[in-house]
K.L.:
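The structure follows.
Just so it is clear, the structure is predicted and the values come from calculations on it, not from any experiment.
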Protein chains: 2
Amino acid sequence: MQNKVNRCEAKPVFFNSLNNEQLKTVNASRFVVHFKAGETIFKQGSALTHIIYIIEGKTKVLLEDSNNRTILLKILKQPDIIGGPGFSTDYRHHFSVVALEDTKTCFIDVILFKRLVLSNQPFAMSLIAYLNHEIIDLFDKLKDLTNKHMNGRLADTLIYLSDDVYQSPEFTTLLSRSDIANMSCMTNESVIRTLKDFKADGIINCKGSYFKILKKDVLLDISKKG
Amino acid sequence: MQNKVNRCEAKPVFFNSLNNEQLKTVNASRFVVHFKAGETIFKQGSALTHIIYIIEGKTKVLLEDSNNRTILLKILKQPDIIGGPGFSTDYRHHFSVVALEDTKTCFIDVILFKRLVLSNQPFAMSLIAYLNHEIIDLFDKLKDLTNKHMNGRLADTLIYLSDDVYQSPEFTTLLSRSDIANMSCMTNESVIRTLKDFKADGIINCKGSYFKILKKDVLLDISKKG
DNA sequence: AAAACAAAGTGATATATATCAACAAATGAT
DNA sequence: ATCATTTGTTGATATATATCACTTTGTTTT
């Protein structure tokens with residue numbers, strides 16, 4: 001891990017409610033860290049000492065359990081903030097974050113972050129709104145992953161990648177088949193087989209890391225039906 | 001639904017960080033509502049107008065999806081607060097709450113609640129901590145429900161009921177087999193069969209609504225192994 | 001108490017999905 | 001370029017779990 005200290009170029013939407021003086025304090029202590037593809041930005045269970053802002057690059061968020069099973073929860077990229085529910089609870093990380101490509105991040109001391117929350121009500125309120133959005137997303141994830149069958153779950157993953165991560169019906173992904181499996185709660189082999197089915201039905205086209213969604217309406221329908 | 005207006009006798013832990021003046025404001029506007037067993041306290045999708053504090057009685061929290069499948073997320077009882085992630089986002093309920101027995105609740109206007117959050121930093125911070133705990137619980141739920149097999153999931157449910165809800169190895173529950181199924185993401189029939197297996201193995205005893213956990217260590221082991 | 005209804009329980013069968021084993025293709029190292 | 005290693009792919013088989021049809025038990029209603 002390279003550890004180049006310099007200024008952040010970008011500013012997260014999240015920090016909009018800070019005043020100039022507060023922004024100056026943040027600027028004074030924050031530092032940039034570069035991660036190479038495959039490197040772990042932080043590991044589940046470790047101490048939460050900084051709130052991390054992604055300046056550049058895509059990262060995957062992993063929920064790991066004691067039996068070596070992993071859920072790939074989501075993909076984070078600029079201007080996402082990586083905090084995690086350890087903030088103001090046990091100050092530990094409850095998921096791991098791994099860089100999918102070379103990634104540039106900005107570290108903000110969590111003690112400073114807490115001071116900002118305590119001294120700026122709109123900032124606190126926007127954090128509360130953010131956390132509630134996270135909870136809504138987790139509700140949806142819980143429903144999708146437990147109630148839907150493989151086809152529906154894989155359709156969800158493909159729609160998520162296309163709409164949210166790559167913002168295009170056509171994309172080349174850094175995710176392996178196993179990553180896609182971990183996102184969709186299925187095995188490697190089942191992902192491959194189901195992708196093959198989708199391809200045979202003319203819903204998508206894919207080869208290796210290349211994906212193209214041909215019939216989004218059908219995919220949405222599969223997602224809805226579960 | 002009866003709608004008897006009077007004072008709340010109990011005060012949630014949650015409101016500890018309020019000062020006297022703020023408590024007075026809350027007291028002035030809050031009102032008590034009684035629900036009978038089976039009645040819906042609020043329905044998923046409806047407007048979030050009040051934060052509800054449970055004074056007495058047990059309620060179930062239901063996550064409903066568009067295909068009529070339901071997850072029973074948890075059981076709430078005094079001194080739990082029912083707010084939900086609609087607060088400061090879309091001001092809608094993202095789950096339904098149904099009374100399992102006669103339940104006494106205290107309604108607090110959500111606009112007043114928001115004012116309190118904005119005017120009292122420690123209160124805001126304790127809300128943030130609460131939301132983060134909720135997220136940690138959801139992470140665990142997500143991992144448990146997607147990674148574990150039936151035995152492990154049902155073991156989790158039994159441990160939850162014994163430890164958290166009834167706080168005794170022996171309890172008579174208001175939950176039906178279907179409720180237990182919805183908590184454990186399995187069918188009615190599978191719950192019955194698995195309970196029978198546990199009984200045959202001397203891990204639990206149960207008959208109708210009566211449950212007794214005989215070998216908690218074994219149950220914990222089943223839960224861990226998944 | 002009888003009837004009606006809901007909830008609990010059982011067995012047979014179907015189905016979704018994982019597992020295993022083997023191989024092909026792509027990628028990286030020497 | 002060749003070998004080694006990982007990643008992707010395929011087919012055969014095993015297994016967990018749902019579904020369906022039915023019986024039994026318990027609980028409310030008249």
Side-chain angles (χ1 to χ4, degrees), chain A residues 36-38 60 65 67-72 98 100-101 144-158 172-200 204-211 222-223 225-226, chain B residues 36-38 60 65 67-72 98 100-101 144-158 172-200 204-211 222-223 225-226:
Chain A
K36 285 189 226 137
K60 56 182 176 183
D65 78 357
N67 297 316
N68 275 331
R69 284 170 187 271
T70 299
I71 299 171
L72 203 169
V98 175
L100 284 169
E101 58 191 325
D144 290 345
L145 292 182
T146 60
N147 293 337
K148 289 181 183 178
H149 286 175
M150 289 200 307
N151 284 10
R153 301 201 304 268
L154 186 59
D156 283 337
T157 296
L158 292 173
T172 302
T173 185
L174 299 150
L175 298 167
S176 68
R177 295 293 185 265
S178 296
D179 284 328
I180 294 172
N182 288 337
M183 286 186 86
S184 318
C185 279
M186 45 203 287
T187 57
N188 222 333
E189 295 94 322
S190 292
V191 166
I192 289 159
R193 267 184 264 268
T194 310
L195 284 175
K196 199 179 165 189
D197 291 345
F198 286 176
K199 215 167 149 181
I204 63 162
N205 188 18
C206 67
K207 168 134 184 71
S209 58
Y210 169 80
F211 285 80
I222 292 171
S223 157
K225 276 190 190 138
Chain B
K36 287 193 224 131
K60 58 181 175 184
D65 79 356
N67 298 315
N68 275 331
R69 286 170 185 270
T70 299
I71 298 172
L72 203 169
V98 174
L100 284 168
E101 57 192 324
D144 289 344
L145 292 182
T146 59
N147 294 336
K148 289 181 184 179
H149 286 176
M150 289 201 306
N151 284 9
R153 300 200 304 267
L154 186 59
D156 283 337
T157 297
L158 292 172
T172 302
T173 185
L174 299 151
L175 298 167
S176 69
R177 296 291 185 267
S178 297
D179 284 329
I180 295 173
N182 288 338
M183 285 185 86
S184 317
C185 279
M186 46 204 285
T187 58
N188 225 331
E189 295 95 321
S190 292
V191 165
I192 289 159
R193 269 183 262 268
T194 310
L195 284 174
K196 198 179 166 190
D197 291 345
F198 285 176
K199 216 167 149 180
I204 63 162
N205 188 19
C206 67
K207 169 134 182 74
S209 59
Y210 170 80
F211 285 81
I222 292 171
S223 158
K225 275 187 191 142

K.L.:
Mind checking what makes side-chain contact (heavy atoms from CB on, under 4.5 Å) contact with A:Lys196, not counting sequence neighbours?
P.N.:
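For A:Lys196 there are no side-chain contact (heavy atoms from CB on, under 4.5 Å) partners, ignoring immediate neighbours.
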
K.L.:
Name the first nucleotide and the last nucleotide along DNA chain C (5' to 3') that come under 4.0 Å of a heavy atom in chain B.
P.N.:
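Listing 5' to 3', DNA chain C meets chain B from C:dA8 to C:dA12.
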
K.L.:
List in chain and number order the residues that pass side chain to side chain donor-acceptor pair (under 3.5 Å) with B:Thr146, two or more places apart in sequence or in another chain; answer none if no residue qualifies.
P.N.:
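Residues passing side chain to side chain donor-acceptor pair (under 3.5 Å) with B:Thr146: none at all.
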
K.L.:
Indicate yes or no: at least one non-hydrogen side-chain atom of B:Asn147 is less than 4.5 angstrom from one of A:Asn67.
P.N.:
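A side-chain contact is absent here, since even the closest heavy-atom pair is not under 4.5 Å.
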
K.L.:
Considering residues at least two apart in sequence or located in another chain, which fulfil the salt bridge (Lys or Arg N to Asp or Glu O under 4.0 Å) criterion with B:Asp144?
P.N.:
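Partners of B:Asp144 by the salt bridge (Lys or Arg N to Asp or Glu O under 4.0 Å) criterion, ordered by chain and then number, come out as B:Lys148.
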
K.L.:
Which atom pair, heavy atoms only, marks the closest approach of B:Phe211 to B:Cys206?
P.N.:
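Closest approach of B:Phe211 to B:Cys206: CD2-CB, 3.7 Å.
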
K.L.:
Which residues in residues 144-157 of chain B have a heavy atom closer than 4.0 Å to any atom of DNA chain D?
P.N.:
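Heavy-atom contacts with DNA chain D come from B:His149, B:Met150, B:Arg153.
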
K.L.:
Report yes if the side chains of B:Thr157 and B:Leu72 come closer than 4.5 Å at any heavy-atom pair, otherwise no.
P.N.:
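Result no, sub-4.5 Å side-chain heavy-atom pair not found.
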
K.L.:
Give me the bend of the helix from C:dA1-D:dT30 to C:dT30-D:dA1, using the axes of the five pairs at each end, rounded to 10°.
P.N.:
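Axis-to-axis angle, ends of the helix: 40°.
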
K.L.:
Verify side-chain contact (heavy atoms from CB on, under 4.5 Å) between A:Ile180 and A:Leu154, making sure each step is shown before the conclusion.
P.N.:
CA-CA 8 Å; A:Ile180 294 172; A:Leu154 186 59; 3.6 Å; yes

K.L.:
May I ask you to evaluate whether A:Lys196 reaches the phosphate of D:dT10, defined as a side-chain N or O under 4.0 Å from OP1 or OP2?
P.N.:
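So the side chain of A:Lys196 is within the cut-off, an N or O lying under 4.0 Å from OP1 or OP2 of D:dT10.
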
K.L.:
Is it the case that the base of D:dG11 and the side chain of A:Arg193 share a donor-acceptor contact (distance under 3.5 Å, atom types as modelled)?
P.N.:
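Between D:dG11 and A:Arg193, which were checked side chain against base, a qualifying N/O pair under 3.5 Å is present.
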
K.L.:
More 5' along DNA chain D: B:Glu189 or A:Leu195, using each one's nearest nucleotide?
P.N.:
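This one resolves to A:Leu195.
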
K.L.:
Using a heavy-atom distance cut-off of less than 4.0 Å, which residues of residues 174-187 of chain B contact DNA chain C?
P.N.:
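B:Ser176, B:Arg177, in order of number.
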
K.L.:
Is any side-chain heavy atom of A:Asp156 closer than 4.5 Å to a side-chain heavy atom of A:Leu145?
P.N.:
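In short, these two side chains do not touch, never coming nearer than 4.5 Å.
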
K.L.:
At under 4.0 Å between heavy atoms, how does the protein contact nucleotides 23-30 of chain D? Give one character per nucleotide, 5' to 3', with B, S or -.
P.N.:
---S----

K.L.:
For residues 177-190 of chain A, pull every pair meeting salt bridge (Lys or Arg N to Asp or Glu O under 4.0 Å), keeping only residues two or more places apart or in separate chains.
P.N.:
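Only A:Lys60-A:Asp179 qualify under salt bridge (Lys or Arg N to Asp or Glu O under 4.0 Å).
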
K.L.:
Would you please name every residue forming a side chain to side chain donor-acceptor pair (under 3.5 Å) with B:Thr173, sequence neighbours left out?
P.N.:
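Listed in chain order: B:Tyr166.
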
K.L.:
Under the rule for side-chain contact (heavy atoms from CB on, under 4.5 Å), what residues qualify as partners of B:Ser178, not counting sequence neighbours?
P.N.:
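Here the qualifying residues are B:Ser176, B:Asn188.
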
K.L.:
Which residue in the set B:Arg153, B:Met150, B:Met186 passes side chain to side chain contact (heavy atoms under 4.5 Å, CB included) when paired with B:Val191?
P.N.:
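So the option named by the test is B:Met186.
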
K.L.:
Measuring from A:Asp197:CG to A:Ile192:CD1, what's the distance to the nearest 0.5 Å?
P.N.:
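Spacing of CG (A:Asp197) from CD1 (A:Ile192) equals 12.0 Å.
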
K.L.:
Within this structure, what is the CD1-to-C1' distance between A:Ile192 and D:dG11, rounded to whole angstrom?
P.N.:
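Value for this atom pair: 13 Å.
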
K.L.:
Please name all residues satisfying side chain to side chain donor-acceptor pair (under 3.5 Å) with A:Lys199, sequence neighbours left out, ordered by chain then number.
P.N.:
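Listed in chain order: nothing, the list is empty.
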
K.L.:
Shortest non-hydrogen contact from A:Leu158 to A:Phe198?
P.N.:
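So the two residues come closest at CD1-CD1, 3.9 Å.
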
